[in-house]
K.L.:
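Okay, here's the structure, questions in a sec.
Note that the structure is predicted; figures quoted are calculated from it, not measured. Throughout, a chain's letter reflects where its sequence line sits, starting with A, and its residues are numbered from 1. Scope of the values below: all heavy atoms of this structure, side chains included, with no hydrogens, waters or symmetry mates.
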Amino acid sequence: MTERLFLQAGHAIAEAAIRAGCKFYSAYPIRPSSEIQEYMSVALPKAGGAYVSAASEIEAICMVAGAAAGGAPAMTASSSTGISLMQEQIAEAAGAGLPLVVVNGCRFVLQADYHQSVKGGGHGDYRIPVLAPSTTQELVDLTTRAFDLSWQYRHPVLLLTDAFMLSCCETVDLPTDMQSRVGADRWAITGSRKGSPRNLVSHVLEDPTSSSSVITSGNPECLARMRAIEANEVLVESISTSDAEIVVLCFGSVARVARTAVRRMRQAGLRVGLLRPITLWPFPTDAIATLPVSVRTLLVVELNRGQMVEDVRAAAPDQVDVRSFAGDGDADSGFGLVWSVDAIMRAIEQSIRLPV
Amino acid sequence: MSGIGGQGILLATRLVGHAAARAGKQCLHFGRYGGEIRGTECECTLLISNSASPVDELPVTARASFAIAMHPAYRERVSGRLLAGGTLLYNSSLIEPFAPTDGIRVVPVAADAAAESLGARVGASLYAIAYLMTLAGLFDADALVAGLPDLLPPYRHHTIPKNAEIIHAGALAAGEVGAISAVARGAGATAVGGVR
């Protein structure tokens, strides 16, 4: 069951998190993520959870990691520079197997944090799932999925949003049922009781119940989780690619505009398709590598200086020409921080005309 | 809708979004603001769609059907983004009469003065939005008032009766003028609802 509400995007994330079972939230305010904190500060305690206003981003992520180690579904949110400050603890959480959700509301330029998010901004040999919504409804759906993934795999998950989508209010359908993750935390540190197992949550201390040495084998548990996520959790949206000659690749806010551009060019008779990674890690490498042979050009449209294009080039078949359309957006979009429909259509037309 | 101060613009436009959602429409609202509390511009845009699927467009549309300018500093920029045949409501309490662009309907409404006469000048945005929604035949006063409890924080709920009074007054004033479709005929600019 769902209910339709008109919500500010940050509030929609917060409400979705609460309904997904979030029981702890801590953050330090920063635009454009502050509305998540604003909503959580009021609504989470009413829902039986705990909210703590932090004095810094480092403090916030450490408290969230501590809550997760204690078995509480936990979340924090920040923006770009604040996420940079959190990276050490996110890396530690990945190594220790802590299920926590981090939301990045990327500031200006809107997709400049692709590398930070996808390549693992912290230390060590780790990756975390990165979910990239493109509408307010997807902010809701993927927040729920972030909690599901993080608890299924005991691994941090990042929701990569931006200032554009977090400044919107939109009609969304929210699940009416509250999820509970009680009982899924048998590994958690919840205090010693007679007969209870001795739990250890750490990425550096050796677990006496484990068959392998965490320190000497490079954290095989973390590696196994990442391999399972890579194998099972790729999400991608594909529109009109089956007979396309040119396919637009984009994520997040750009996809919202690019869908319209592709639809209009299809109506004009051009064989254009769209492929949108919803998970930026794991990256939909197979979906790109197995595009139909009709595809001659991949046009990667981004709001940065060209970051995802590197992953597309690595995945694309040799015979496919990969082009980048990247930058800060254009004035025709109304406020200059995103690409307008016309700008993307012009980029597609230019790619069609250019010799391969 | 553009003005300074910020919260009034945000609340007024979100009330329309709330009413649209309650009417089963898809609605996308975008607010651009920053240092507005110190007097810079706050601009909000709203797309309303009858489609069942979410709006696949930018919320900051380059060309709008309706616009409201509350402050003289940003009147020109807002009116420049109207579609031909579009309607600009401007706050004639602060904005001097001007020569409108051909094909644009202008509606001067003394929103600040009207809200002040009701005892709350900060409600000028609500007066203006209720006036335009009624004039355009989009949402009546009750549909707008219905969003106040959801969109105002609990510590502001004591303002709901006064806000509702201002919204009803704006709608009533527009109703006395008549719907746009009835008055705005012919080419070029057409002024309705007050003295230009």
K.L.:
Pick from B:Gly24, B:Cys27, B:Ala21: which one has the most heavy-atom pairs with chain A under 4.5 Å?
P.N.:
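Sorted descending by pairs with chain A, the first entry is B:Cys27.
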K.L.:
List the residues meeting side-chain hydrogen bond (donor to acceptor under 3.5 Å, both in side chains) with A:Ser33, not counting sequence neighbours, and say none if there are none.
P.N.:
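If we apply the side-chain hydrogen bond (donor to acceptor under 3.5 Å, both in side chains) test to A:Ser33, skipping adjacent residues, the hits are A:Ser79.
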K.L.:
In terms of the angle between their ring planes, are A:Tyr39 and A:His11 parallel, tilted or perpendicular, with boundaries placed at 30° and 60°?
P.N.:
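Rings of A:Tyr39 and A:His11: tilted, 30 to 60°.
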K.L.:
Heavy-atom pairs under 4.5 Å with chain A - which of B:Gly147, B:Cys44, B:Gly17 has more of them than the others?
P.N.:
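Highest number of pairs under 4.5 Å: B:Gly17.
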K.L.:
Could you tell me which portion of A:Arg4 (side chain, backbone, both or neither) has an atom closer than 4.5 angstrom to a non-hydrogen atom of chain B?
P.N.:
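Side chain of A:Arg4 only, per the 4.5 Å heavy-atom cut-off to chain B.
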K.L.:
Please round to the nearest 0.5 Å and tell me the distance separating atom OH of A:Tyr25 and atom OG of A:Ser53.
P.N.:
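Spacing of OH (A:Tyr25) from OG (A:Ser53) equals 10.0 Å.
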K.L.:
Taking B:His18, B:Lys25, B:Arg22 one by one, which has the highest count of heavy-atom pairs under 4.5 Å against chain A?
P.N.:
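When all of B:His18, B:Lys25, B:Arg22 are compared, B:His18 has the most.
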K.L.:
Give a yes/no verdict on a cation-pi contact between B:Arg75 and B:Phe98, requiring under 6.0 Å between NZ or CZ and the six-membered ring centre and an angle within 45° of the axis.
P.N.:
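Pair B:Arg75/B:Phe98 counts as cation-pi.
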